[in-house]
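Everything on this sheet refers to the single structure shown next.
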Amino acid sequence: MALTRKQIAMRVAKEFNDGDYINLGIGIPTLAANYIPDGVEVMLQSENGLLGMGPYPDKDNVDADMINAGKETVTAATGAAIFSSAQSFAMIRGGHVDVTVLGAFEVDQQGNIASYMIPGKLVKGMGGAMDLVAGAENIIVTMTHASKDGESKLMAKCSLPLTGVNCITKVITDLAYLEIANGEFVLRERAPGVSVEEIVAKTAGTLVVPGDIPEMLFD
């Protein structure tokens with residue numbers, strides 16, 4: 001069975017290490033703020049000017065002035081700092097963000113990412129994605145493995161305009177967790193109940209399957 005958005009976010013959060021400075025993109029990535037593992041302390045950065053973002057607020061603790069880059073209300077963790085967008089991007093461009101998590105339309109086996117436009121459709125802009133994929137050390141992509149039409153999003157070569165080149169190291173989809181190394185996708189984990197054969201069939205790029213592939217664990 002394919003992972004839900006919540007389960008993808010939970011798996012993403014397992015990649016966080018104590019002391020990481022992390023930027024979470026709009027959509028599934030922001031959900032990861034709710035699933036930071038016990039004993040792991042990180043600082044979540046929002047490109048609109050917040051370092052130390054907490055989980056989503058409950059209805060009794062909503063502050064309409066406290067928002068993330070996707071204009072969703074959030075909370076501030078102990079020790080948080082608020083600053084200008086210019087300072088936020090100086091932090092990103094200066095290489096001070098350890099991990100960034102973002103969505104994508106396509107990723108290819110060279111670690112290229114296409115995430116900001118589909119020609120002929122409304123383009124809202126790339127936001128901070130180009131800066132983030134150039135400035136962060138560890139970049140994780142979350143997305144569905146295939147489109148609604150069944151076309152693979154894990155390509156031999158991206159067909160859409162690129163956001164970044166040779167920058168993606170990990171991809172977590174609704175079917176699998178994969179790493180990108182030596183110009184290939186390497187299958188590391190599969191969603192519970194999803195077969196290796198299904199993942200192979202839905203991956204257009206070169207996929208390496210190194211032996212028995214374990215199912216993801218969420219406890």
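Looking only at side-chain heavy atoms (C-beta outward), Ile67 and Asn48 come within less than 4.5 Å of each other. Using a 4.5 Å heavy-atom threshold, the side chains of Leu3 and Met216 count as touching. Counting only heavy atoms from C-beta outward, the side chains of Val194 and Ile199 approach each other to under 4.5 Å. A heavy-atom distance below 4.5 Å is found between the side chains of Phe83 and Leu51.
Within the 3.5 Å criterion, the main-chain N or O of Gly205 finds no donor-acceptor partner in the side chain of Thr203. Side chain of Thr75 to main chain of Pro57: no donor-acceptor pair is present (N/O by atom type, distance under 3.5 Å, no hydrogens or angles). The backbone N or O of Thr4 lies less than 3.5 Å from a partner atom in the side chain of Gln7, making a donor-acceptor pair. Formation of a donor-acceptor pair under 3.5 Å by the Asn17 side chain with backbone atoms of Asp20 is not found in this model. Between the side chain of Asp108 and the main chain of Cys158, a donor-acceptor pair closer than 3.5 Å is present. No donor-acceptor pair under 3.5 Å is formed between the side chain of Thr144 and the backbone N or O of Ser147. When atom types are taken as modelled, the side chain of Thr173 and the backbone of Ala176 share a donor-acceptor pair closer than 3.5 angstrom. Put simply, the side chain of Ser88 gets close to the backbone of Glu47: a donor and an acceptor are under 3.5 Å apart. Asn23 places a side-chain N or O within donor-acceptor distance of the main-chain N or O of Gln45, the cut-off being under 3.5 Å. Side-chain atoms of Ser46 come within 3.5 Å of backbone N or O of Ala69 as a donor-acceptor pair.
Note that CD of Gln109 is 11.5 Å distant from CG of Asn182, once rounded to the nearest 0.5 Å. Taken from CD in Gln110 to CG in Leu162, the straight-line distance is 11.5 Å, to the nearest 0.5 Å. Between the CG atom in Asp63 and the OG1 atom in Thr73 there is a gap of 8.5 Å [rounded to 0.5 Å]. Atom OG1 of Thr30 and atom OH of Tyr56 lie 2.5 Å apart (nearest 0.5 Å). For the atom pair CG of Asp131 and CZ of Phe89, the computed distance is 5.5 Å after rounding to the nearest 0.5 Å. For the atom pair CD (Glu151) and OG (Ser159), the distance works out to 10.0 Å, reported to the nearest 0.5 Å.
Hydrophobic cluster membership differs between Ile172 and Leu102, with clusters built from Ile, Leu, Val, Met, Phe, Trp and Tyr side chains linked at under 4.5 angstrom. In the hydrophobic clustering of ILVMFWY residues, with side-chain heavy atoms under 4.5 Å counting as a link, Leu44 and Ile92 come out apart. Placement of Met53 and Met66 within a single hydrophobic cluster is found when ILVMFWY residues are connected by side-chain heavy-atom separations under 4.5 Å, directly or transitively. With hydrophobic clusters built from ILVMFWY side chains whose heavy atoms lie under 4.5 angstrom apart, Leu132 does not share a cluster with Ile140. Cluster annotation: Met143 is connected to Leu187 through the hydrophobic network of ILVMFWY side chains, with a link wherever side-chain heavy atoms come within less than 4.5 Å.
Counting heavy-atom neighbours within 6.0 Å of Tyr21 OH, excluding the residue itself, gives a total of 12 or less. The number of heavy atoms from other shown groups lying within 6.0 Å of CD (Glu41) does not exceed 12. Heavy-atom neighbours of Asp60 CG from other residues, nucleotides or ligands within 6.0 Å: above the threshold of 12.
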Report task. Report the C-alpha distance between Leu178 and His145 in whole Å, list the side-chain angles of each, state the deciding distance to 0.1 Å, and finish with yes or no for side chain to side chain contact (heavy atoms under 4.5 Å, CB included). Result -> CA-CA 11 Å; Leu178 309 98; His145 210 95; 4.1 Å; yes
Requested in this report: Could you walk me through whether Arg190 and Glu198 pass the salt bridge (Lys or Arg N to Asp or Glu O under 4.0 Å) test, one step at a time?
Outcome: CA-CA 10 Å; Arg190 54 193 174 88; Glu198 180 179 357; over 6 Å; no
Query raised in the report: How far apart are the C-alpha atoms of Ile22 and Asp98, what are their side-chain angles, what is the distance that settles it, and do they pass the side chain to side chain contact (heavy atoms under 4.5 Å, CB included) test?
Result: CA-CA 6 Å; Ile22 302 168; Asp98 299 306; 5.7 Å; no
Requested in this report: Quick one: do Lys6 and Tyr35 satisfy side chain to side chain contact (heavy atoms under 4.5 Å, CB included)? Show the steps, please.
Outcome: CA-CA 9 Å; Lys6 173 182 174 180; Tyr35 305 109; 3.1 Å; yes
**Report entry** Verdict with reasoning, Lys153 to Glu106, per salt bridge (Lys or Arg N to Asp or Glu O under 4.0 Å)
**Finding:** CA-CA 5 Å; Lys153 294 183 179 182; Glu106 294 175 345; over 6 Å; no
Query raised in the report: What's the verdict on side chain to side chain contact (heavy atoms under 4.5 Å, CB included) for Phe105 and Met117, showing C-alpha distance, side-chain angles and the deciding distance?
Result: CA-CA 8 Å; Phe105 297 128; Met117 72 172 294; 5.6 Å; no
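Between Ser115 and Ala104, the shortest heavy-atom distance links the atoms CB-CA, 3.9 Å. A pairwise comparison of heavy atoms in Ala114 and Pro161 identifies CB-O, 3.4 Å as the closest pair. Nearest heavy-atom pair, Asp18 versus Gly39, reported as atom, atom and distance to 0.1 Å: OD1-O, 3.8 Å. Of all heavy-atom pairs spanning Leu31 and Ala9, the tightest one is CB-CB, 3.5 Å. Minimum interatomic distance between Asn112 and Asn166 (heavy atoms only, all atoms of both residues): OD1-N, 2.8 Å. Of all heavy-atom pairs between Gly103 and Pro29, the closest is N-CG, 4.1 Å.
Screening Val101, Val99, Thr100, Val171 for a side-chain contact (heavy atoms from CB on, under 4.5 Å) involving Ile139 leaves a single residue, Thr100.
Figure legend: cation-pi geometry between Arg11 and Tyr177, with NZ or CZ positioned under 6.0 Å from the six-membered ring centre and within 45° of its axis.
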